[in-house]
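This structure is a prediction, so every number in the text was calculated from the model and none was measured. Indexing begins at 1, ligand by ligand and atom by atom, following the structure's order.
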Amino acid sequence: MKDSKNIDIQQLKSQYPLLKKLTSLEEVFWLNSNFESFQSGIEKSPVTQEDVTDAEQRLKRFAPYIAKVFPETENTNGIIESPLVKIPSMKNYLEQAYQQPISGELMLKCDSHLPISGSIKARGGIYEVLKHAEELALEHQMLTLQDDYSVMDSDRFRSFFSQYSIAVGSTGNLGLSIGIMSAKLGFNVTVHMSADAKQWKKDLLRSKNVNVIEYEADYSKAVEEGRKQANKDPKCYFVDDENSSNLFLGYAVAASRLKRQLEDLEITIDKNHPLFVYLPCGVGGGPGGVSFGLKLLFQDHVHCFFAEPTHSPCMLLGLMTGLHDQISVQDVGIDNVTDADGLAVGRPSGFVSKAIEPFLSGIYTVSDAHLYQLLKALVDTEDIRLEPSALAGMIGPIKLLCNQTDYLTKHHIIEKIDQGTHIIWDTGGSMVPEEMMNEYYRKGLK
Ligand SMILES: *Cc1c(COP(=O)(O)O)cnc(C)c1O
């Protein structure tokens, strides 16, 4: 299904002039020509507000269990959520370094500091495991929807779940989330790790009794092998990052939580106060789910942009050509080699690229060297430490305000931008070992 057709690169290049820059690994900014109004886009959507609400309620049912087994979530009563903070010193740095004023407020959504697994995957990944666990427990009359789910922290439940297994393919962070959560419930869990995955993540998982299988190849291969092995075992559930509506919905729940955080800070989003969100994109589930949730709540007042490494612009390529998951970056001669390991994906999710197409404003790419510079700057200005992938959103406001005034004019926001808010979605990093973080910082010195 996902094999690339015979792709005629020369023809694509003449049809899409941006492809030339993309294949020469220049940073680019692409505006989505299929972007449409919320009302017309939502009519085609395979997922709905009801689906997101259902996911939100499921996470509430699990909250007493989460609070019990992960004490770091006690102060949020078992809800896995991250802070939203202002970053005025970083704003100042960006304005000076790029000689571009940033109109509006600049904020950071710190998914790097999500409890349990320290990345955006603590949303979708954990949600999908919980949903599967709930289904099994309901089906076997171990549980009713009215129960206090903290009963799952028991030998009875762990021994029940130990008859089942869960598998996933990952570049690292999804594996951490699925692995930690599944092992805690008592499942047998196997994580198929691509070559990009960091050693400390594999070590951490093994210390929690997770089976880790390593591959020399990239993410797509790890997923493919994982899927193949899981399919052989009827009691094995495969978390399919390339095609999962569950992951997508787990991510989408972020939106209503963000809305409350904005309200608490007395930040208004409406016709006269636009919201801009910049999200790092790998296979697409994380940024796609979050954006979808935000569109449901803020409709045409929110503008979502994805950020990808220059070496892995898979979503941009899939959407620009309309080929979605039928094309990979390797097909056009791009290597998918980047230090932004969370984004090292050569082929986008077919489900996400189609679901998000009407709602996504655009995608830009950013080089690894640039990510390291931003990483260092954020440490220097705000004392916040992130992994390279998580910085991809940081340059978004500069790129938008500097070069994309056409977009702002077309959508009648140029005159309101001073009253707008830019949110950089920071997707991971709080669990990175200190010496590794110091190495990242040093790379930013160059
Ligand atoms: C996975 C990941 C992303 C992107 O999420 P996708 O669902 O793969 O698009 C971004 N940043 C980090 C740190 C990640 O681990």
Closest non-hydrogen protein atom to [atom], residue and atom name please, with distance?
| atom | answer |
| --- | --- |
| atom 12 (C) of ligand 1 | Thr427 OG1, 3.4 Å |
| atom 4 (C) of ligand 1 | Gly282 N, 3.5 Å |
| atom 8 (O) of ligand 1 | Val283 N, 3.0 Å |

Side chain to side chain, [X] and [Y], heavy atoms closer than 4.5 Å:
| X | Y | value |
| --- | --- | --- |
| Met394 | Leu375 | no |
| His370 | Ile395 | yes |
| Met193 | Tyr215 | no |
| Glu308 | Trp30 | no |

- Compute the ring centroids of His132 and Phe187, then answer whether they are less than 6.0 Å apart. yes
Identify whether the distance between the nearest side-chain nitrogen and carboxylate oxygen of [X] and [Y] falls below 4.0 Å.
| X | Y | value |
| --- | --- | --- |
| Arg123 | Asp111 | yes |
| Glu242 | Arg227 | yes |
| Glu382 | Lys86 | no |

Give the numbers and elements of all ligand 1 atoms closer than 4.0 Å to a heavy atom of [X].
| X | result |
| --- | --- |
| Pro287 | 5 (O), 6 (P), 7 (O), 9 (O) |
| Gly342 | 1 (C), 2 (C), 3 (C), 14 (C), 15 (O) |
| Lys121 | 1 (C), 2 (C), 3 (C), 5 (O), 14 (C), 15 (O) |
| Asn173 | 13 (C), 14 (C), 15 (O) |
| Glu387 | 13 (C) |

- Task: Report the part of Leu343 in contact with ligand 1, treating N, CA, C, O as backbone and CB onward as side chain, heavy atoms under 4.0 Å; options are side chain, backbone, both, neither.
- Result: side chain
- Looking at Gly284, Gly286, Pro280, Gly124, the heavy atom closest to atom 9 (O) of ligand 1 belongs to Gly284
Purely on distance, is any nitrogen or oxygen of [X] under 3.5 Å from one on ligand 1?
| X | value |
| --- | --- |
| Ile120 | no |
| Asp241 | no |
| Gly285 | yes |
| Tyr251 | no |
| Ala390 | no |

- Would you call the rings of Tyr407 and His303 parallel, tilted or perpendicular if under 30° counts as parallel and over 60° as perpendicular? perpendicular
- Taking Glu72 for the side chain and Pro115 for the main chain, is one N or O donor matched with an acceptor at less than 3.5 Å? no
